[in-house]
Amino acid sequence: MARKPNNSAQTRKLLSAMLRQPRAWQYGYEISKQTGLKSGTLYPLLIRLSDQGLLESQWQEPERPGKPPRHAYKLTSNGLAFAREMAALDTASTFRRKLAGATT
Amino acid sequence: MTARASLVRRFASALIAHAANVLPPMRSPWGEAMKHELDHIEDDVEALRWAAGCVIASYLERGGRKMNQSFGTIVRKPSAFLPLAMSLTALALLGGAYLFALATGQAGLERQQDEGSIAHLWQLLMAGQLPVLIFFAIKWLPRAPRQTLYVLALQACAALAAMAPVYFLNL
């Protein structure tokens, strides 16, 4: 059974990185560099998002010869909607924080 | 690539192979993904960090899968219910002996100079469950920590219940 989508800081970070290039296939190591998430955090997140149908994956031929194929990831349409929802929530909470800071 | 770097890279490869092995079979494509990604990391130390993280990820994933086992499933394992049954039998022995003593006109159970067969049986039951308990903890704690702790707590309660009459009746 797929676990519930969560909105932990790490998940938000991952989704926001994937949202920057929603149509592009991205590799694990590159995502890790972009988000600062270590592989120990990144892979459980990728696995869970994939189980929930928010992320699709495929094997891609390497750009350089002699290297093995790479597993690449992209948000599905549901994943895209969820990532946008999370981004909107983040924007709203940042706005609220700024507003509270300005009024105090 | 220096000899030291090569050693680091070899260690990273060994770690990532372990990470892939640890994953449940249904997750094997993820293990392959981790392994292949390592070959695209140029820096050896960075590769080692990546591999170490993958080991953690694999254990988390394996633990998560096994954590799906419910309390009911685990408590039905022989190594879980056997200590419970032994404690309850020990308690029942004391209860039976107490009732028998009352029925035969004695004031109750009394401490005897030479321990009787009931005392020996009680000791055997209590001591005999220890290895089973240790086996259960070693086997199940890494697989389903929370549920195993609940079962261990239950076993501890049963053992305390079996020991309580000995303490309170000063047997």
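Heavy atoms only: backbone and side chains are in, while hydrogens, waters and symmetry mates are out. Sequence lines set the chain letters: A, B, ... in the order given, protein chains first and strands last, and positions in each chain run from 1. Small disclaimer: the values here were computed from a predicted structure and weren't measured.
Looking at A/Ser50, only its side chain comes within 4.5 Å of chain B, counting heavy atoms on both sides. Interface remark: A/Leu46 contributes backbone and side-chain atoms alike to the contact with chain B (heavy atom separation under 4.5 Å).
Residue A/Ser32 holds its OG atom at 10.5 Å from CZ of B/Arg49, rounded to the nearest 0.5 Å. Distance check, rounded to the nearest 0.5 Å: CE of B/Met34 to CG of A/Leu42 gives 9.0 Å. Between the CD1 atom of B/Ile16 and the OG atom of A/Ser39 there is a distance of 6.5 Å, given to the nearest 0.5 Å. For the atom pair B/Asp39 CG and A/Tyr29 OH, the distance stands at 13.0 Å (nearest 0.5 Å).
Of the listed residues (A/Arg64, A/Arg70, A/Lys38), the one with the most heavy-atom contacts under 4.5 Å to chain B is A/Arg70.
Here the options are B/Lys35, B/Glu32, B/His40, the test is side-chain contact (heavy atoms from CB on, under 4.5 Å), and the partner is A/Pro68; only B/His40 passes.
Using a 4.5 Å cut-off between side-chain heavy atoms of Ile, Leu, Val, Met, Phe, Trp and Tyr, with links allowed through other members, B/Leu88 and B/Met126 fall into different hydrophobic clusters. In the hydrophobic clustering of this structure, B/Leu133 does not group with B/Leu124; members are Ile, Leu, Val, Met, Phe, Trp, Tyr whose side-chain heavy atoms approach within less than 4.5 Å, directly or through other members. A/Tyr27 and A/Ile47 fall into different hydrophobic clusters, where Ile, Leu, Val, Met, Phe, Trp and Tyr residues are linked whenever their side-chain heavy atoms come under 4.5 Å apart, directly or through other members. In the hydrophobic clustering of this structure, B/Leu93 does not group with B/Leu99; members are Ile, Leu, Val, Met, Phe, Trp, Tyr whose side-chain heavy atoms approach within less than 4.5 Å, directly or through other members. Residues B/Tyr150 and B/Leu84 fall within the same hydrophobic cluster, defined by Ile, Leu, Val, Met, Phe, Trp and Tyr side chains chained together at heavy-atom separations under 4.5 Å.
A pairwise comparison of heavy atoms in A/Pro44 and B/Leu60 identifies CG-CD1, 4.2 Å as the closest pair.
The shortest distance between side-chain heavy atoms of B/His36 and A/Pro69 falls below 4.5 Å. When side chains are defined from C-beta on, B/Glu37 counts as touching A/Glu30, because their heavy atoms get closer than 4.5 Å. Looking at heavy atoms from C-beta onward, B/Ser58 lies out of side-chain contact with A/Tyr43 at the 4.5 angstrom threshold.
Using bins of under 30°, 30° to 60° and over 60° for the plane-to-plane angle, the ring pair B/Trp30/A/Tyr73 lands in the parallel bin.
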